[in-house]
Amino acid sequence: QVQLVESGGGLVQAGGSLRLSCTASGRTLSNYYMSWFRQAPGKEREFVGGISKSLGSTYYADSVKGRFTISRDNAKNTVYLQMNSLKPDDTAVYYCAANRVLSTSQSHYDYWGQGTQVTVSS
């Protein structure tokens with residue numbers, strides 16, 4: 001079992017930045033691909049980006065490419081989502097998820113955090 005806890009959400013003005021953290025307990029994160037998803041009100045949960053287990057290769061949705069950066073610190077069992085140039089459309093609950101393989105489909109993920117709210121005001 002892997003328990004994931006997100007933190008770092010909040011209210012920010014458009015153009016601002018936030019850094020989300022996802023800390024794991026129970027198992028070492030280095031064994032898992034880690035991804036971030038988000039769900040806006042009335043919309044389906046969507047893939048934001050992911051990072052591979054050891055080489056740190058990253059993948060992003062087109063909507064956040066160039067603005068968001070995912071990184072991981074396996075020693076701290078933590079994954080980060082640095083969000084810059086935030087837009088009102090980025091408003092959502094953000095979730096981290098862990099899986100044995102990298103996938104953009106939420107149905108493939110075994111472990112999820114509880115989510116953290118990000119609100120971007122215009």
Side-chain angles (χ1 to χ4, degrees):
Q1 276 295 75
V2 177
Q3 291 80 41
L4 302 174
V5 177
E6 302 97 336
S7 61
L11 174 64
V12 63
Q13 288 188 332
S17 298
L18 279 175
R19 188 177 80 157
L20 306 184
S21 300
C22 172
T23 300
S25 60
R27 296 267 179 95
T28 176
L29 269 188
S30 61
N31 294 326
Y32 296 88
Y33 286 92
M34 298 298 299
S35 290
W36 289 91
F37 288 78
R38 67 185 182 186
Q39 186 166 20
K43 295 186 178 180
E44 293 188 357
R45 193 172 298 187
E46 63 174 359
F47 176 79
V48 173
I51 187 166
S52 63
K53 288 186 283 188
S54 57
L55 295 180
S57 300
T58 52
Y59 311 85
Y60 299 97
D62 287 343
S63 58
V64 306
K65 203 171 292 183
R67 300 187 298 122
F68 290 12
T69 303
I70 297 174
S71 60
R72 66 191 302 160
D73 185 338
N74 287 336
K76 294 184 178 179
N77 241 19
T78 300
V79 175
Y80 303 98
L81 178 65
Q82 177 67 44
M83 305 184 294
N84 298 328
S85 302
L86 282 161
K87 306 174 182 179
D89 283 350
D90 295 318
T91 295
V93 178
Y94 283 72
Y95 300 88
C96 66
N99 199 33
R100 296 286 187 179
V101 296
L102 184 63
S103 172
T104 61
S105 172
Q106 60 171 320
S107 64
H108 294 162
Y109 283 80
D110 298 322
Y111 305 105
W112 291 86
Q114 83 290 350
T116 185
Q117 176 70 47
V118 172
T119 302
V120 184
S121 63
S122 56

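Throughout, numbering of the chain's residues begins at 1 and tracks the sequence. Reckoned from all heavy atoms, side chains included, excluding hydrogens, waters and symmetry mates.
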Report task. Carefully, step by step, assess Tyr109 and Ser35 under the rule side-chain hydrogen bond (donor to acceptor under 3.5 Å, both in side chains). Result -> CA-CA 9 Å; Tyr109 283 80; Ser35 290; 2.6 Å; yes
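- Looking at heavy atoms from C-beta onward, Leu86 lies in side-chain contact with Phe68 at the 4.5 angstrom threshold.
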Query raised in the report: Passes side chain to side chain contact (heavy atoms under 4.5 Å, CB included), Met34 versus Cys22? Steps please.
Result: CA-CA 9 Å; Met34 298 298 299; Cys22 172; 4.1 Å; yes
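- Residue Lys65 places its NZ atom among more than 12 non-hydrogen atoms of other residues, nucleotides or ligands, all under 6.0 Å distant.
- Taken together through direct or relayed side-chain contacts under 4.5 Å among Ile, Leu, Val, Met, Phe, Trp and Tyr, Val64 and Val93 form parts of separate hydrophobic clusters.
- Asn99 places no side-chain N or O within 3.5 Å of a backbone atom of Leu102 that could act as its donor or acceptor partner.
- Residues Ile70 and Phe47 fall into different hydrophobic clusters, defined by Ile, Leu, Val, Met, Phe, Trp and Tyr side chains chained together at heavy-atom separations under 4.5 Å.
- Ring orientation note: the planes of Trp112 and Phe37 are tilted relative to one another, at an angle of 30° to 60°.
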Report task. Give the intermediate values and the outcome of side-chain hydrogen bond (donor to acceptor under 3.5 Å, both in side chains) for residues Thr91 and Thr119. Result -> CA-CA 5 Å; Thr91 295; Thr119 302; 5.3 Å; no
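- Note that CD of Glu46 and CD of Gln106 are 10.5 Å apart. Values are rounded to the nearest 0.5 Å.
- Between Val2 and Ala24, the shortest heavy-atom contact is CG1-CB, 4.1 Å.
- Side chain of Glu6 to main chain of Cys96: a donor-acceptor pair is present (N/O by atom type, distance under 3.5 Å, no hydrogens or angles).
- A heavy-atom distance below 4.5 Å is found between the side chains of Arg45 and Tyr95.
- Using modelled atom types, one side-chain atom of Arg72 and one backbone atom of Leu29 make a donor-acceptor pair closer than 3.5 Å.
- Across all non-hydrogen atoms, the minimal contact from Ser30 to Lys53 is O-CB, 3.6 Å.
- Remark: Arg100 is not positioned above the aromatic ring of Tyr33, lacking an NZ or CZ atom under 6.0 angstrom from the ring centre and at most 45 degrees off the axis.
- Two residues are said to be in side-chain contact when any heavy atoms from C-beta on lie closer than 4.5 Å; Asn77 and Thr28 meet this criterion.
- Within the 4.5 Å cutoff, no side-chain heavy atoms of Arg67 are placed close to those of Tyr60.
- Under the 3.5 Å distance criterion, with hydrogens and angles disregarded, a donor-acceptor pair is assigned to the side chains of Thr23 and Thr78.
- Residues Lys43 and Gln39 approach most closely at O-NE2, 3.1 Å, considering heavy atoms.
- Checked by atom type, the side-chain pair Ser103/Ser105 shows no donor-acceptor distance below 3.5 Å.
- A side-chain donor from one of Asn84 and Ser17 sits under 3.5 Å from a side-chain acceptor of the other.
- Hydrophobic cluster membership is shared by Leu4 and Val79, with clusters built from Ile, Leu, Val, Met, Phe, Trp and Tyr side chains linked at under 4.5 angstrom.
- Using a 4.5 Å heavy-atom cutoff, the side chains of Trp36 and Ile51 are not in contact.
- Shortest non-hydrogen contact noted between Ala14 and Pro88 is CB-CD, 4.1 Å.
- For Asp90 and Lys87, the salt-bridge test fails: no basic side-chain N is under 4.0 Å from an acidic carboxylate O.
- Between Met83 and Val118, the closest side-chain pair of non-hydrogen atoms falls below 4.5 Å.
- Cation-pi geometry between Arg19 and Tyr80 is satisfied (NZ or CZ under 6.0 Å from the ring centre, within 45° of the ring normal).
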